[in-house]
Undergrad: 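Structure below; questions to follow.
Because the structure is predicted, anything quoted here is derived from the model rather than measured.
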Amino acid sequence: MKKISNVAFLLVAAALSACGSNLEFFPDYIDSTAPAITASISGFTSFSNNTTHVSALPATVTFSSNEAATIYYTTNGSDPTTASSSVAASANTPISGPSITISSTILKFFGVDTLANASSIQRSTIVTP
């Protein structure tokens, strides 16, 4: 019985193909999801109201992403663009980011994956106690 159903399926597929029909069972998947970008800050002691308190500066920021992406960032409070400083991140592989050498800063960052899906801009104010 199984051989008959396979033969019938092939005959229907061949007939549809001959008529110019595009027989497609699994349409192409188009990724439209932005990467999930995170920043880990060395010397982290606490976080409140988008402010990260660190024990001492300079602090090292380590970015990571759930997929391959370019992470754009600024440390002066301005919104980053694709012309800003950047680091590349492989999927699930943390990438060391900039070493922050000032006493407090506003870090803003976002990621763009290989299909140009961009995440929203994230912000953290970094200060010492």
Side-chain angles (χ1 to χ4, degrees):
M1 199 67 166
K2 190 172 188 177
K3 289 182 181 179
I4 294 173
S5 63
N6 287 344
V7 171
F9 173 77
L10 290 174
L11 289 173
V12 169
L16 287 172
S17 179
C19 295
S21 174
N22 183 7
L23 184 63
E24 189 172 314
F25 294 100
F26 300 103
D28 291 338
Y29 172 74
I30 299 175
D31 176 16
S32 60
T33 304
I37 307 298
T38 58
S40 300
I41 302 167
S42 68
F44 169 79
T45 57
S46 65
F47 180 81
S48 62
N49 299 328
N50 280 341
T51 300
T52 302
H53 299 272
V54 296
S55 55
L57 290 173
T60 300
V61 176
T62 303
F63 293 105
S64 60
S65 174
N66 65 334
E67 63 179 301
T70 301
I71 302 167
Y72 299 94
Y73 65 90
T74 61
T75 58
N76 62 5
S78 64
D79 286 346
T81 67
T82 54
S84 300
S85 298
S86 65
V87 293
S90 301
N92 298 316
T93 304
I95 302 294
S96 292
S99 177
I100 299 167
T101 57
I102 55 178
S103 61
S104 66
T105 189
I106 298 174
L107 172 67
K108 291 187 176 184
F109 60 94
F110 74 100
V112 179
D113 67 14
T114 56
L115 294 175
N117 298 310
S119 66
S120 60
I121 295 174
Q122 299 180 53
R123 169 198 168 120
S124 182
T125 302
I126 301 167
V127 297
T128 55

Undergrad: Report yes if the side chains of Asn117 and Thr33 come closer than 4.5 Å at any heavy-atom pair, otherwise no.
TA: no

Undergrad: Which pair of heavy atoms, one from Ser124 and one from Thr52, lies closest together, and at what distance?
TA: OG-OG1, 2.7 Å

Undergrad: For Thr105, enumerate each residue passing the side chain to side chain donor-acceptor pair (under 3.5 Å) test, keeping only those at least two apart in sequence or located in another chain.
TA: none

Undergrad: Rounded to the nearest 0.5 Å, what's the gap from CG on Leu107 to OG1 on Thr75? Could you check?
TA: 7.5 Å

Undergrad: Side chains of Ile37 and Gln122, heavy atoms from C-beta outward: is any pair under 4.5 Å?
TA: yes

Undergrad: What pairs with Ser42 under side-chain contact (heavy atoms from CB on, under 4.5 Å), at least two apart in sequence or on another chain?
TA: Ala59, Thr60

Undergrad: Evaluate the side-chain hydrogen bond (donor to acceptor under 3.5 Å, both in side chains) criterion for residues Thr62 and Ser40: first the C-alpha distance (whole Å), next the side-chain angles of each, then the deciding distance (0.1 Å), finally the verdict.
TA: CA-CA 5 Å; Thr62 303; Ser40 300; over 6 Å; no

Undergrad: Membership question, hydrophobic clusters at under 4.5 Å side-chain separation (ILVMFWY): are Leu57 and Ile41 in the same one?
TA: yes

Undergrad: Give, for atom CD of Glu67 and atom OG1 of Thr114, the distance between the pair rounded to the nearest 0.5 Å.
TA: 6.5 Å

Undergrad: Is it the case that the side chain of Asp113 and the backbone of Ala34 share a donor-acceptor pair, with hydrogens and angles ignored and the cut-off at 3.5 Å?
TA: no

Undergrad: Do Tyr73 and Val112 belong together in a cluster built from hydrophobic side chains that touch within less than 4.5 Å?
TA: no

Undergrad: Do Tyr72 and Phe63 land in one hydrophobic cluster if side-chain heavy atoms of ILVMFWY residues count as linked below 4.5 Å?
TA: no

Undergrad: Measure the spacing between CD1 of Ile71 and OG of Ser64 and express it to the nearest 0.5 Å.
TA: 7.0 Å

Undergrad: Among side-chain atoms of Thr70 and Ser86, is any donor-acceptor pair under 3.5 angstrom?
TA: no

Undergrad: Check the pair Arg123 / Ile106 against side chain to side chain contact (heavy atoms under 4.5 Å, CB included), numbers first and verdict last.
TA: CA-CA 7 Å; Arg123 169 198 168 120; Ile106 298 174; 3.5 Å; yes

Undergrad: Would the distance check show the side chain of Lys108 and the main-chain N or O of Gly77 forming a donor-acceptor pair, the cut-off being under 3.5 Å?
TA: yes

Undergrad: With Asn76, which residues qualify under side-chain contact (heavy atoms from CB on, under 4.5 Å), at least two apart?
TA: Thr74, Ser78

Undergrad: Taking all heavy atoms of Ser84 and all of Pro80, pick out the closest pair and write down the distance.
TA: OG-CA, 3.3 Å

Undergrad: With side chain to side chain contact (heavy atoms under 4.5 Å, CB included) as the criterion, how do Thr51 and Val127 come out once you've worked through the C-alpha distance, each side chain's angles and the decisive distance to 0.1 Å?
TA: CA-CA 7 Å; Thr51 300; Val127 297; 3.7 Å; yes

